[in-house]
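I have placed the structure first, in the form of structure tokens, so that the comments after it can refer back to it.
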Amino acid sequence: MTKIVATKPYADQKPGTSGLRKKVPVFAQENYAENFIQSIFDSLEGFAGKTLVIGGDGRYYNREVIQKAIRMAAANGFGKVLVGQGGILSTPAASHVIRKYGAYGGIILSASHNPGGPDEDFGIKYNIGNGGPAPEKITDAIFARTKVIDSYKTLDAADIDLDTIGTLKVGDLTVEVIDSVADYAALMETLFDFGAIRALIGSGFKVVIDSMSAVTGPYAVEILEKRLGAPAGSVRNAVPLPDFGGHHPDPNLVHAKELYDDVMSPQGPDFGAASDGDGDRNMVVGKGMFVTPSDSLAVIAANAKLAPGYKDGIAGIARSMPTSAAADRVAEKLGINMFETPTGWKFFGNLLDAGLATVCGEESFGTGSNHVREKDGLWAVLFWLNIVAARKEGVKAIVEKHWADYGRNYYSRHDYEAVETEKADALMAELRGKLATLPGAAFGALKVAAADDFAYNDPVDGSVSAKQGVRILFEGGSRVVFRLSGTGTSGATLRVYVERYEADPARHGIDTQEALADLIAVADEIAGITAHTGRTEPTVIT
Ligand code: VG1
Ligand code: CO
């Protein structure tokens, strides 16, 4: 029986870069999750009788919210819910399931690379029928609704069994518990040359994947070990745990250091990869070579035709503004479209739908294509394996040759985490106030060519997104970018992105932080990072 439950609005349910993310105790407040889910439904139209996909990364509180969401979907008039077994769907898998079954949309429960557990992070995100994150028009409507909501609809019904594949009923709603992995693995087989990768692995090329006790474990075991023939155990930390084993499931040189060290050791594997909490990020490490996410996008784009799913070439590349311009050089050479968007995958959706871009990437360890509408960690790993298998060269040789052909974009991101919000806001405000005075200014050998606050005009729907990050461009192609994170759950995180272009191959072997040292110093000089925050060094460098 449908019941209408009275509730009061919460003031803090504004979706960020990727959905609403809060600590579990915040989400566990009375009606907190219900308010947000009802606000999603209230912002949508025409879903009566249609299908909703629900799944999450398995973190603490995942199952509880899935049960609530199913009852609410029933009470709000959806016809069918597809839910991953055990409540598990990686973000790219959820995107694929939405598309494959023509669902109206989906609810993805994840806080991505943020830690999980009773006192850690949880998140809810709504994806539309194209499989991608809801655009700002919808997230704005959801936020507006959360501020005035006074009731939600649910059903008097018991929890369902999420662990057994099959079909059941919750009121009039049909609930299908589906295999979390099968559809996704089948899609990967259509895109990549599994035969060639299997032969590569069979020839002794050793591949390991660290799933970081997060959602990609079951996907990686099925694909790498079962379908591609890697020995059992090649997928490490393969069982998704509600607290990710107490770690940050964030695939970068800080949190996936063990894997990195292993690949770099002489007897270690030839190729290592890691993925994040919800499976949309990736890190790729070859023997002697860590691949920056920006370079990864460029190399994938340049070599796309080697993968069967992209054999006819790509229509265009899109990257988030802070991502390095390495891919731009590839687009230029190939004579294809290049787009620069604000941070967050939701800005790629229109470009992919319109066929203007085929591959997309972000510096934050995210790469993907038009096969889904999310970034996709395992997809990127398989793409690299496909390229290695086809070129019969290791990762290091491939990247170094790429630099020799296109030049190298030295790149690093410095994060200052858990800064007091007022201090971070003051820094950004002061920086914005200075923009007009910067062009023409010289800092040592560096001369400012342009400075602005990035605004994006979506070429497909004409929408405008302003204030997406301050960028200071120097003559010769170097730049620094400043923005505040939209995914954190405590205080503010200042992200400083630093890039230098180097055409001369004789200068491609420099340590990254060294190559960027003068720019890093100038970033502090211009923004007054230490003066504003009291910090003398970043919390995380990637
Ligand atoms: C970060 C990254 C951004 C990414 C977003 C979601 O956002 O910088 O590139 O799209 O996380 O990724 P922010 O606003 O904190 O900089 V995930 O894997 O957390 O869904
Ligand atoms: Co993620």
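Both ligands and their constituent atoms are indexed starting at 1 by order of listing. All values below come from the heavy atoms of this structure, side chains included, with hydrogens, waters and symmetry mates left out. In what follows, residues are counted from 1 in the order of the sequence shown.
- When only non-hydrogen protein atoms are considered, atom 18 (O) of ligand 1 lies nearest to Ser112 OG, 2.5 Å.
- Taking the six-membered ring where tryptophan is involved, the planes of Phe290 and Phe365 are tilted, since the angle between them lies from 30° to 60°.
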(request) Evaluate the ring pair (Phe, Tyr, Trp, His ring centres under 6.0 Å) criterion for residues Tyr10 and Tyr32: first the C-alpha distance (whole Å), next the side-chain angles of each, then the deciding distance (0.1 Å), finally the verdict. (result) CA-CA 7 Å; Tyr10 287 92; Tyr32 193 91; 4.7 Å; yes
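- Aromatic ring centroids of Phe383 and Tyr310 lie under 6.0 Å apart.
- Between His248 and Phe244, the ring centre distance reaches or exceeds 6.0 Å.
- When heavy-atom distances to ligand 1 are checked against a 4.0 Å cut-off, Arg21 comes that close only through its side chain, counted from C-beta outward.
- Remark: the backbone N or O of Val299 is paired with a side-chain donor or acceptor of Asn303 at under 3.5 angstrom.
- Closest heavy-atom approach to atom 11 (O) of ligand 1 within the set Glu362, Arg495, Arg281, His113: this belongs to Arg281.
- With a heavy-atom cut-off of 4.0 Å, Thr17 touches ligand 1 through its side chain alone.
- Scanning the protein heavy atoms around atom 8 (O) of ligand 1, the nearest turns out to be Arg413 NH1, 3.6 Å.
- Atoms of ligand 1 lying under 4.0 Å from at least one heavy atom of Ser364, given by number and element, are 2 (C), 3 (C), 4 (C), 8 (O), 9 (O).
- By the 4.0 Å N-to-carboxylate-O rule, Asp452 lies too far from Arg432 to be salt-bridged with it.
- Checking side-chain atoms of Arg59 against main-chain N and O of Asp121 turns up a donor-acceptor pair under 3.5 Å.
- Distance alone, capped at 3.5 Å, is enough to place a donor-acceptor pair between the Ser95 side chain and the Gly131 backbone.
- Per-residue contacts place Gly344 under 4.0 angstrom from the following atoms of ligand 1 (heavy atoms of the residue considered): 10 (O).
- In this structure, Tyr219 has its ring center under 6.0 Å from that of Tyr184.
- Checking side-chain atoms of Ser485 against main-chain N and O of Thr487 turns up a donor-acceptor pair under 3.5 Å.
- Under the 3.5 Å distance criterion, the side-chain polar atoms of Lys346 are left unmatched by any main-chain donor or acceptor of Thr139.
- In terms of polar-atom proximity, defined here as any N/O pair under 3.5 Å, Gly486 does make such a contact with ligand 1.
- To the nearest 10 degrees, the angle centred on the Co ion (ligand 2) between OG in Ser112 and OD1 in Asp278 reads 100°.
- With a heavy-atom cut-off of 4.0 Å, Glu374 does not touch ligand 1 at all.
- Considering Arg413, Lys375, Arg495, Arg319 as possible partners of Glu363, the one that fulfils the salt bridge (charged side-chain N to carboxylate O under 4.0 Å, His left out) test is Arg413.
- Interface of Arg483 with ligand 1, defined as ligand atoms under 4.0 Å from a residue heavy atom, comprises 13 (P), 14 (O), 16 (O).
- Backbone and side-chain nitrogen or oxygen atoms of Tyr497 are examined, and none is located within less than 3.5 angstrom of a nitrogen or oxygen of ligand 1.
- Listed by number with element, the atoms of ligand 1 under 4.0 angstrom from any heavy atom of Asp276 are 18 (O).
- With a heavy-atom cut-off of 4.0 Å, Thr91 does not touch ligand 1 at all.
- Within Asp280, the N, O or S atom lying nearest to the Co ion (ligand 2) carries the name OD1.
- Annotation: Thr343 places no N or O atom under 3.5 Å from an N or O atom of ligand 1; distance criterion only.
- Of all N/O/S atoms in Asp276, OD2 sits nearest the Co ion (ligand 2).
- Not one N or O of Trp345 is nearer than 3.5 Å to an N or O of ligand 1, by distance alone.
- Closest to atom 7 (O) of ligand 1, if we only count protein heavy atoms, is Thr487 CG2, 3.5 Å.
- For Glu525, the CD atom is densely surrounded, since the number of other residues' heavy atoms within 6.0 Å is greater than 12.
- Within the 4.0 Å heavy-atom shell around ligand 1 one finds Lys375.
- Taking 4.0 Å as the cut-off, Gly366 does not count as a neighbour of ligand 1 on heavy-atom distance.
- Every heavy atom of Lys346 sits 4.0 Å or more from the atoms of ligand 1.
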